[in-house]
There are 2 protein chains.
Amino acid sequence: MEYSINKLSQLAGVSTRTLRYYDEIGLLEPKRISSSGYRIYGKEELKLLQHILLYKELGFELLTIKQIITDPHFDKRRALLSHREKLLEQKKQIDALIQNVNKTLDSLERRTEMADTERFEGFKKEKLLENEKRYGKEICDKYGEDTVEKANKKFMNLTEEEFKEQEQLAQDIIANLKEAFKTDDPSSELAQKCAEMHKKWLLYFWDQYTPEMHANLAKMYVEDERFTQYYDKEQPGLAKFLYEAIQIYTNQKRT
Amino acid sequence: MEYSINKLSQLAGVSTRTLRYYDEIGLLEPKRISSSGYRIYGKEELKLLQHILLYKELGFELLTIKQIITDPHFDKRRALLSHREKLLEQKKQIDALIQNVNKTLDSLERRTEMADTERFEGFKKEKLLENEKRYGKEICDKYGEDTVEKANKKFMNLTEEEFKEQEQLAQDIIANLKEAFKTDDPSSELAQKCAEMHKKWLLYFWDQYTPEMHANLAKMYVEDERFTQYYDKEQPGLAKFLYEAIQIYTNQKRT
DNA sequence: ATACACGTTGACGTAACGTCAATGTCAACA
DNA sequence: TGTTGACATTGACGTTACGTCAACGTGTAT
């Protein structure tokens with residue numbers, strides 16, 4: 001029994017375009033070509049095609065399928081195992097995305113449903129959520145969940161006034177830092193004042209302070225681009241400058 | 001503060017190609033273009049870009065993101081909800097794929113680990129698995145799990161000899177059917193003999209037989225391409241011919 | 001002779017960029 | 001002032017697995 005491209009496509013339930021494509025990439029070639037150039041397939045090709053479709057249903061790429069069916073020594077078990085790993089990985093990613101979407105939905109609902117009196121509390125919660133989404137794991141890993149918990153609690157206890165002070169202070173630090181940056185000397189008086197202001201700012205969120213912790217945080221300012229960016233968007237190099245200023249500042253404190 | 005394309009890309013952690021692409025599709029255009037044609041971005045663009053990346057992390061398509069950020073009346077909640085649905089759907093699909101891969105792995109292991117004495121049992125199990133993978137749900141839905149269970153059990157009880165008989169019979173049916181097909185008359189003697197042979201064949205798997213069940217199955221031969229294909233691969237139209245022969249055969253039986 | 005179904009190759013489009021290539025611009029240094 | 005090197009531009013191809021034309025050739029029935 002021989003089949004034209006149309007018949008084979010109907011038997012197997014794929015489009016003729018698909019068969020032509022498989023021919024093109026050498027995945028499934030017709031048994032022979034008729035004098036007028038028509039593709040002619042045989043029973044073998046039908047079987048092969050069914051094999052191909054089986055693997056396709058498992059989500060394999062055509063290139064991989066080609067290897068599987070052309071090389072009979074190909075280790076199918078290994079291929080299946082690694083493929084399963086890939087699928088599990090994908091599943092994990094999708095789960096993470098779903099969680100992420102859920103969080104975003106949460107914060108959205110909070111914002112719309114919040115009464116005016118609760119607005120500030122909701123606002124802070126949202127900031128926390130945002131923060132968690134951006135840095136979540138890393139911070140916990142570095143400082144321990146306990147420390148993070150405490151910081152969050154302190155943050156939630158801020159009054160609206162304190163919050164505004166803190167914001168203002170953050171702005172002042174940047175302004176002074178920009179000035180100090182011109183001197184290009186992180187040990188300059190102004191730069192050291194910035195480091196001190198930065199410490200004061202931290203105490204809005206931390207309930208204990210050690211020079212080590214301060215120096216450690218500063219290191220993150222240059223190592224993690226998400227922090228770097230906060231200062232560098234005002235002036236490239238500002239994050240590193242602050243880092244150096246804080247190193248000098250905390251070294252003096254420790255001696 | 002103004003940023004060149006390179007600075008912005010570093011601040012936000014994306015490639016310059018990405019920024020050019022976003023410009024190309026009108027997702028994020030620079031604040032202005034310098035006299036020499038350079039793209040120049042401002043702080044606003046940085047913020048917008050961060051928003052874009054936020055949505056991108058959630059797995060939104062760029063086209064959707066464009067709508068979200070350009071139209072402030074866009075219903076973000078609805079977008080998030082429907083997006084979550086999409087993700088859940090994807091997750092379900094991946095789960096199904098994983099199950100499928102697991103089954104395939106199972107049947108593979110059975111084949112390799114099987115001792116010679118168990119070969120035939122393993123072989124039958126594999127056939128069943130294969131079958132289940134191909135038709136699983138539909139058959140159960142049509143006949144009820146109970147009937148399917150019984151049929152599977154009967155199948156597993158076949159001796160090697162019976163199995164071979166059954167295979168031979170299936171081949172004979174096709175051969176006769178091809179002959180009968182030439183007459184183009186499903187009520188012809190030969191065609192009716194085929195219907196009877198088909199009944200006999202069925203009794204290898206079914207422990208009860210009614211003309212209704214037989215006629216019903218025949219209907220599936222023309223309605224479900226996976227069955228059609230089994231006969232049509234020998235001769236287009238064969239499945240339908242058998243269907244008609246069986247209809248006539250069972251109608252006579254019922255009157 | 002004509003109609004009509006069926007076949008062919010070739011090309012573009014998809015999503016979101018990566019990766020060249022060819023060429024222009026800018027600041028700094030010898 | 002010429003040159004170097006970093007940075008910018010546009011343009012184009014490649015990626016995956018086909019869908020969807022277009023332009024054109026074949027086979028068969030009327």
Side-chain angles (χ1 to χ4, degrees), chain A residues 2-42 45 49 51-69 83 86-87 90 93 97 236-237, chain B residues 2-41 45 49 51-69 83 86-87 90 93-94 97 236-237:
Chain A
E2 296 191 328
Y3 314 110
S4 70
I5 195 169
N6 212 359
K7 280 183 189 149
L8 182 62
S9 81
Q10 282 166 5
L11 283 174
V14 299
S15 72
T16 61
R17 176 68 176 98
T18 299
L19 291 179
R20 273 190 213 103
Y21 181 63
Y22 288 179
D23 185 10
E24 191 184 327
I25 63 172
L27 178 58
L28 180 72
E29 282 163 24
K31 195 172 73 179
R32 61 187 188 85
I33 303 286
S34 83
S35 60
S36 48
Y38 288 15
R39 289 176 181 78
I40 296 180
Y41 298 88
E45 283 74 29
L49 178 53
H51 254 101
I52 291 171
L53 296 179
L54 247 163
Y55 283 109
K56 215 182 67 140
E57 268 180 41
L58 299 181
F60 279 97
E61 288 179 16
L62 297 188
L63 200 73
T64 315
I65 297 179
K66 192 175 170 185
Q67 292 173 351
I68 294 178
I69 62 172
H83 186 57
K86 235 175 58 188
L87 288 173
Q90 281 182 32
Q93 278 190 27
L97 284 186
Chain B
E2 296 192 327
Y3 315 109
S4 70
I5 196 170
N6 211 0
K7 282 183 190 150
L8 182 62
S9 82
Q10 283 167 2
L11 282 175
V14 299
S15 72
T16 61
R17 177 69 177 98
T18 299
L19 292 178
R20 272 190 215 102
Y21 182 62
Y22 288 179
D23 184 9
E24 192 184 327
I25 65 173
L27 178 59
L28 179 72
E29 284 163 22
K31 194 172 74 178
R32 62 188 187 84
I33 303 285
S34 82
S35 60
S36 48
Y38 287 16
R39 290 177 181 80
I40 295 180
Y41 298 88
E45 283 73 28
L49 178 53
H51 253 102
I52 291 171
L53 295 179
L54 246 163
Y55 282 108
K56 216 181 68 142
E57 267 180 41
L58 298 180
F60 279 98
E61 290 180 12
L62 296 189
L63 201 72
T64 315
I65 297 179
K66 192 176 169 184
Q67 292 171 352
I68 294 178
I69 62 172
H83 186 57
K86 235 175 59 189
L87 288 173
Q90 280 183 33
Q93 279 192 27
I94 288 191
L97 283 185

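This one's a predicted model, so the numbers in the text were calculated from it and none came from an experiment. Naming convention: chains lettered A, B, ... in sequence-line order (proteins, then strands); numbering from 1 in each chain.
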Exercise for the section: Please report, rounded to the nearest Å, how far the C1' atom of C:dC12 is from the CD atom of A:Glu24. Expected result: 14 Å

Practice task
Classify the nucleic acid contact of A:Leu63 as base, sugar-phosphate or nothing, counting any heavy atom under 4.0 Å across all strands shown.
Solution key: nothing

Problem - Short N-O contact, B:Lys56 and B:Glu61, less than 4.0 angstrom - result: no

Practice task
Indicate, yes or no, whether a donor-acceptor pair under 3.5 Å links the base of C:dG18 to the side chain of B:Tyr21.
Solution key: no

Completion exercise
Here the gap from A:Ile68 atom CD1 to A:Leu62 atom CG, rounded to the nearest 0.5 Å, amounts to 11.0 Å

Exercise for the section: Could you tell me the separation between the CG atom of B:Leu28 and the OG1 atom of B:Thr18, rounded to the nearest 0.5 Å? Expected result: 11.0 Å

Problem - Side chain proximity check, A:Arg32 to A:Arg39, heavy atoms < 4.5 angstrom - result: no

Practice task
Establish, with yes or no, whether the OP1 or OP2 oxygen of C:dT9 is under 4.0 angstrom from a side-chain nitrogen or oxygen of A:Arg39.
Solution key: yes

Practice task
Figure out the CD1/P separation between A:Ile5 and D:dG25, and round it to whole Å.
Solution key: 19 Å

Exercise for the section: Would you tell me if any nitrogen or oxygen in the side chain of A:Lys56 comes within less than 4.0 Å of OP1 or OP2 on D:dC18? Expected result: yes

Practice task
To the nearest 0.5 angstrom, please state how far the CD atom of A:Glu2 sits from the CD atom of A:Glu45.
Solution key: 9.5 Å

Exercise for the section: List the steps and the verdict of side-chain contact (heavy atoms from CB on, under 4.5 Å) for B:Leu58 and B:Leu87. Expected result: CA-CA 10 Å; B:Leu58 298 180; B:Leu87 288 173; over 6 Å; no

Problem - Rounded distance [0.5 Å steps], OH in B:Tyr22 versus CG in B:Leu49 - result: 7.5 Å

Exercise for the section: Establish, with yes or no, whether the OP1 or OP2 oxygen of C:dG7 is under 4.0 angstrom from a side-chain nitrogen or oxygen of A:Ser4. Expected result: yes

Practice task
Would you please indicate yes or no on a ring centroid separation below 6.0 angstrom for A:Phe60 and A:Tyr55?
Solution key: yes

Practice task
Kindly indicate whether the side chain of B:Leu19, heavy atoms from C-beta on, has any atom under 4.5 Å from the side chain of B:Ser9.
Solution key: yes

Fill in the blank from the handout: Interatomic distance, OH@A:Tyr41 vs CD@A:Glu29, rounded to 0.5 Å, equals 9.0 Å

Handout entry: Check: C:dG24 base within 3.5 Å donor-acceptor of B:Tyr38 side chain
Key = yes

Handout entry: Residue-phosphate contact under 4.0 Å: B:Thr18 side-chain N/O, C:dA16 OP1/OP2
Key = no

Exercise for the section: Send over the distance from B:Ile40 CD1 to C:dT25 C1', rounded to a whole Å. Expected result: 13 Å

Practice task
Taking only the side-chain nitrogens and oxygens of B:Arg17, find out if one of them lies under 4.0 Å from OP1 or OP2 of D:dA12.
Solution key: no

Problem - Rounded distance (Å) that lies between atom P of D:dC7 and atom CG of B:Leu8 - result: 15 Å

Fill in the blank from the handout: Nearest-nucleotide check on DNA chain D, A:Tyr22 vs B:Asn6; residue mapping nearer the 5' end is B:Asn6

Exercise for the section: Look up atom CG in B:Asp23 and atom CD1 in B:Ile5, then write down how far apart they are to the nearest 0.5 Å. Expected result: 7.5 Å

Practice task
Look at the side-chain N and O atoms of A:Arg20 and state whether any lies under 4.0 Å from the OP1 or OP2 oxygen of D:dC18.
Solution key: no

Handout entry: Closest-nucleotide 5' rank along DNA chain C - winner of B:Phe60 and A:Thr16
Key = A:Thr16

Handout entry: B:Ile65 CD1 - C:dA16 C1' separation (whole Å)
Key = 11 Å

Practice task
Figure out the CG/P separation between A:Leu19 and C:dT9, and round it to whole Å.
Solution key: 13 Å

Exercise for the section: For A:Lys7, report the nucleic acid contact type (base, sugar-phosphate, nothing); a contact means any heavy atom under 4.0 Å. Expected result: nothing

Practice task
Return the residues of residues 25-35 of chain B meeting this criterion: a heavy atom under 4.0 Å from some atom of DNA chain C. Order them by number, or give none.
Solution key: none

Practice task
May I ask you to evaluate whether B:Ser36 reaches the phosphate of C:dC26, defined as a side-chain N or O under 4.0 Å from OP1 or OP2?
Solution key: yes

Problem - Protein-nucleotide distance (B:Leu62, atom CG; C:dT14, atom P), rounded to Å - result: 14 Å

Problem - Integer-rounded Å distance: C:dC17 C1' and B:Ile52 CD1 - result: 15 Å

Fill in the blank from the handout: Axis-to-axis angle across the helix from C:dA1-D:dT30 to C:dA30-D:dT1, five pairs each end, nearest 10 degrees, ~ 50°

